Amino acid sequence: MSDDIIVEAKDGEAPAKPKGGKKKLMIIIGAAVLVLGGGGGGAAFFLMGSDKPAAKTAEGEDGEAEAEAEAEAEGGDEKGGKDGKGGAYLDVPPLVVNLRSADGAARFLKVHIVLVPGSASTVEKLQGKLPLLIDAYQPFLRELRPEDLNGSGAVYRVKEELLVRATQTLGPNQVKDVLIQDLVQQ
């Protein structure tokens, strides 16, 4: 028992305890307060913060998105609104075509798209020209092979080609975008 430390107490005093435990406890309590305070402050910032500053920082501090949202709410925007140029969409009936396959097996493609009218067009104008547009889409869709539709980039390529064909058929600024709602290969 030579390793035990014996502390002799003086008259009426308790034996002295090592002082390192109290210092460690204070450090742990301080770290816990900092973590909890930082977490609470971060939660308050994200949960109670205003949406307007976040929109400005996302758009580069110029407030362009906020101005567009206000103009669309008023309905007087040159991009659309009450006049029907950009606020409406044209739902094209689903197109079902045969795919060209190397092995001769019957393969089908079903495509459901929505057209967004451009600045020089309305939904009514596009509705009248829809048979021309479907006629332009048919040869492109029939020439697709099943391997052309593999991967995530396939939808983007089909979408871009449909937009190009819409521009060639109807003219510039008639169709702003082609939205693919459904693309099923069987």
Side-chain angles (χ1 to χ4, degrees), residues 46-47 49-186:
F46 285 114
L47 296 177
S50 174
D51 291 338
K52 290 182 181 181
K56 286 182 182 179
T57 57
E59 292 296 321
E61 299 285 331
D62 60 357
E64 190 174 301
E66 184 179 338
E68 286 181 10
E70 288 175 5
E72 283 184 36
E74 294 171 3
D77 191 353
E78 71 272 359
K79 293 182 181 178
K82 290 183 181 176
D83 57 354
K85 288 185 180 178
Y89 305 101
L90 175 62
D91 189 23
V92 178
L95 303 170
V96 179
V97 296
N98 292 332
L99 290 177
R100 190 176 63 145
S101 62
D103 60 357
R107 303 291 293 252
F108 299 99
L109 176 69
K110 178 183 174 186
V111 181
H112 182 209
I113 60 173
V114 174
L115 300 175
V116 180
S119 60
S121 183
T122 62
V123 173
E124 292 79 23
K125 287 181 183 178
L126 286 179
Q127 184 71 40
K129 296 179 182 180
L130 192 57
L132 293 172
L133 193 57
I134 291 174
D135 186 57
Y137 286 165
Q138 289 285 342
F140 164 68
L141 294 172
R142 288 182 185 274
E143 286 298 315
L144 287 174
R145 297 178 306 242
E147 37 298 338
D148 292 338
L149 299 171
N150 292 337
S152 60
V155 175
Y156 180 76
R157 289 189 299 269
V158 169
K159 179 179 175 174
E160 288 300 311
E161 186 62 33
L162 292 176
L163 184 60
V164 166
R165 292 188 184 255
T167 303
Q168 289 173 348
T169 304
L170 304 176
N173 298 324
Q174 295 293 316
V175 177
K176 181 179 177 182
D177 200 5
V178 175
L179 307 175
I180 296 180
Q181 299 297 309
D182 198 13
L183 185 73
V184 179
Q185 178 182 185
Q186 200 175 29

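Quick caveat, the model's predicted, so the values are computed rather than measured. Counting begins at 1 with the first residue of the sequence.
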Any chance you could measure [X], atom [atom1], to [Y], atom [atom2], to the nearest 0.5 Å?
| X | Y | atom1 | atom2 | value |
| --- | --- | --- | --- | --- |
| K129 | S121 | NZ | OG | 6.5 Å |
| K110 | H112 | NZ | NE2 | 8.5 Å |
| L109 | L99 | CG | CG | 5.0 Å |
| D177 | L115 | CG | CG | 9.0 Å |
| Y137 | L132 | OH | CG | 11.5 Å |

Compile the donor-acceptor pairs under 3.5 Å between side chains in residues 161-172 and protein atoms, sequence neighbours left out, one pair per line.
from : atom 1 : to   : atom 2 : distance (Å)
E161 : OE2    : R165 : NE     : 3.0
E161 : OE2    : R165 : NH2    : 3.4
T167 : OG1    : L163 : O      : 3.0
T169 : OG1    : R165 : O      : 2.8

Q | CA sep, side-chain torsions, deciding dist, call: V155, L183, side chain to side chain contact (heavy atoms under 4.5 Å, CB included) | A | CA-CA 8 Å; V155 175; L183 185 73; 3.8 Å; yes
Q. Could you give all pairs that pass the side chain to side chain donor-acceptor pair (under 3.5 Å) test and reach residues 94-109, with sequence neighbours left out?
A. S101-D103, R107-Q185
Q: Give me the one residue out of D91, L90, I180 that meets side-chain contact (heavy atoms from CB on, under 4.5 Å) with I113.
A: I180
Q) Is there side-chain contact between L149 and L144, with at least one heavy-atom pair below 4.5 Å? A) yes
Q: Step through the shown structure and confirm whether more than 12 heavy atoms of other residues, nucleotides or ligands are within 6.0 Å of OH on Y156.
A: no
Q) What are the two closest non-hydrogen atoms of N150 and R157, and how far apart are they? A) O-NH2, 4.0 Å
Q | Distance-minimising heavy-atom pair for A88 and P117 | A | O-CD, 3.1 Å
Q) By salt bridge (charged side-chain N to carboxylate O under 4.0 Å, His left out), which residues pair with D148, not counting sequence neighbours? A) R145
